[in-house]
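For reference, the structure is listed below as structure tokens.
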Amino acid sequence: MIFAVPLYDDNPTAREPVVTYLLIGLCVGAFLWQLGHNERAVLYGYGMIPAELFGLWHPPRTYQIVPPWATLLTSMFLHGGWFHLIGNMIFLWIFGNNIEDVLGRGRYILFYLCCGVAAALTQAFSNYGGHVPMVGASGAIAGVLGAYLRLYPNANVHVFVWIVIFFRIVNIPAWILLGLWFVMQLVSGLARAPGSPGVAFWAHVGGFVTGVILVQLLRPSGVALLQAPRSRSFTSVAPGGFVCRRTFHRGSVPSAGRSYRQPRGPWD
């Protein structure tokens with residue numbers, strides 16, 4: 001058994017990621033709301049169903065709560081379970097703050113929603129006649145990962161790795177971690193039969209690619225896109241090293257990546 005989950009990155013921000021906090025709060029709040037309602041009614045009423053989106057099928061009238069196009073937005077705030085929610089929020093917590101810091105709050109909201117919509121559409125086109133509802137923020141968060149790869153490929157990400165009875169916290173450059181993550185999503189999407197229930201791999205692929213492209217269009221002038229090095233070694237620390245976190249004091253990102261800082265308004 002191999003289990004790996006990112007814990008934090010060495011990439012401090014200049015100000016509080018208010019929008020990232022808000023997005024996490026909305027997802028958590030929506031999930032708590034889900035727990036008090038019929039699961040099937042929520043999934044078919046607010047989840048994105050490809051066949052319904054393209055007008056090829058309609059659910060029972062009691063499930064037709066919002067227009068089909070609106071499910072492109074509502075679906076990204078719903079989740080299928082606690083592990084689904086927690087996993088997505090960990091990734092958003094670690095990588096979202098830096099993208100918000102670069103784009104500014106207003107652009108970041110636009111970026112996040114566009115990535116989520118593009119991810120849902122990619123999943124829908126991959127199986128346009130499917131009746132399985134898609135929910136989850138992972139498509140939008142995949143866009144955040146794509147943007148992070150373009151802006152901070154050299155940042156160190158501390159990852160908890162558990163292999164059978166051995167576990168360690170390993171420092172992995174973002175370009176390796178996120179690059180491998182994307183390849184895994186792409187391979188898994190190609191290997192899975194269309195319409196199969198489970199992870200929406202094509203939503204991850206579509207969101208990631210959208211994030212890579214969109215961050216280049218929305219980034220403020222003067223923000224450089226860094227290149228990944230030709231080679232980079234892995235380092236590891238003992239699990240106890242997590243206690244002595246130094247993320248907020250120094251980072252692994254070159255200072256040249258922050259030369260664009262300018263006074264900004266609350267939504268810039």
Side-chain angles (χ1 to χ4, degrees), residues 1-13 17 20 24 83-102 115 119 137-189 199 201 203-205 207-212 215-216 223-258:
M1 181 186 70
I2 300 177
F3 174 79
V5 60
L7 300 175
Y8 60 95
D9 61 350
D10 286 332
N11 196 359
T13 58
T20 299
I24 292 174
F83 286 107
H84 188 201
L85 173 69
I86 293 172
N88 280 346
M89 295 305 100
I90 288 175
F91 275 81
L92 182 56
W93 170 266
I94 294 172
F95 301 104
N97 58 348
N98 295 108
I99 307 307
E100 178 181 348
D101 202 36
V102 169
C115 287
S138 54
I141 296 171
V144 172
L145 302 186
Y148 195 98
L149 178 64
R150 293 297 290 126
L151 293 172
Y152 300 110
N154 304 334
N156 283 333
V157 182
H158 300 252
V159 180
F160 176 79
V161 179
W162 183 4
I163 305 176
V164 190
I165 61 174
F166 303 98
F167 58 93
R168 202 139 182 97
I169 296 176
V170 182
N171 302 335
I172 304 178
W175 68 274
I176 293 180
L177 177 66
L178 300 181
L180 285 175
W181 182 88
F182 176 74
V183 170
M184 289 175 60
Q185 306 310 303
L186 181 60
V187 172
S188 298
V199 179
F201 292 112
H204 298 171
V205 172
F208 191 95
V209 173
T210 301
V212 169
V215 74
Q216 301 182 67
V223 177
L225 296 176
L226 303 180
Q227 299 296 321
R230 292 181 179 273
S231 63
R232 186 78 176 243
S233 60
F234 292 87
T235 59
S236 63
V237 297
F242 178 59
V243 178
C244 300
R245 175 177 176 178
R246 294 183 294 178
T247 302
F248 297 110
H249 301 285
R250 67 178 185 178
S252 58
V253 180
S255 58
R258 302 190 175 277

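For the numbers below, each heavy atom of this structure counts, side chains included, while hydrogens, waters and symmetry mates do not. FYI, the numbering just counts along the sequence from 1. For clarity, every value in this text was computed on a predicted model and none was experimentally measured.
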**Complete:** Value for CD1 (I163) from CZ (R168), rounded to nearest 0.5 Å, stands at 11.5 Å
**Prompt:** Considering residues at least two apart in sequence or located in another chain, which fulfil the side-chain contact (heavy atoms from CB on, under 4.5 Å) criterion with V187?
**Reply:** V183
**Asked** Under 3.5 Å, is there a donor-acceptor pair between the side chain of N11 and the main chain of Y152?
**Response** no
**Asked** Which atom names give the shortest non-hydrogen contact between L177 and F95, and what distance separates them?
**Response** CD2-CZ, 4.3 Å
**Asked** Are the side chains of V199 and H204 in touch, meaning some heavy atoms are under 4.5 Å apart?
**Response** yes
**Request:** Under the ring-ring contact (aromatic ring centres under 6.0 Å, His included) rule, collect the residues that match up with F182, sequence neighbours excluded.
**Result:** F208
**Fill in**
To the nearest 0.5 Å, atom CD1 of I169 lies from atom CG of L7 at 5.5 Å
**Message:** On a heavy-atom basis, which atom in V159 and which in A4 lie closest, and how many Å separate them?
**Reply:** CG1-CB, 4.1 Å
**Message:** If the condition is side-chain hydrogen bond (donor to acceptor under 3.5 Å, both in side chains), which residues does T20 pass it with, not counting sequence neighbours?
**Reply:** E100, Y108
**Complete:** Rounded to the nearest 0.5 angstrom, the CG-CZ distance for L178 and F91 is 8.0 Å
**Request:** Not counting sequence neighbours, which residues clear side-chain contact (heavy atoms from CB on, under 4.5 Å) with L180? List them please.
**Result:** I176
**Asked** Sequence neighbours excluded, which residues qualify as side-chain contact (heavy atoms from CB on, under 4.5 Å) partners of I94?
**Response** P6, D9, I90
**Item:** Closest non-hydrogen atom pair between G139 and A119, with its separation
**Value:** CA-CB, 3.5 Å
**Item:** Which residues share a side-chain contact (heavy atoms from CB on, under 4.5 Å) with A137, sequence neighbours left out
**Value:** C27, H79, N88, M89, Y112, I141
**Message:** Determine whether a donor-acceptor pair (N or O, by modelled atom type, separation under 3.5 Å) exists between the side chain of W162 and the backbone of V164.
**Reply:** yes
**Complete:** Minimal heavy-atom distance between G146 and V212, with the atoms involved, is O-CG2, 3.5 Å
**Fill in**
In short, A174 meets L149 closest at the heavy-atom pair O-CD1, 4.2 Å
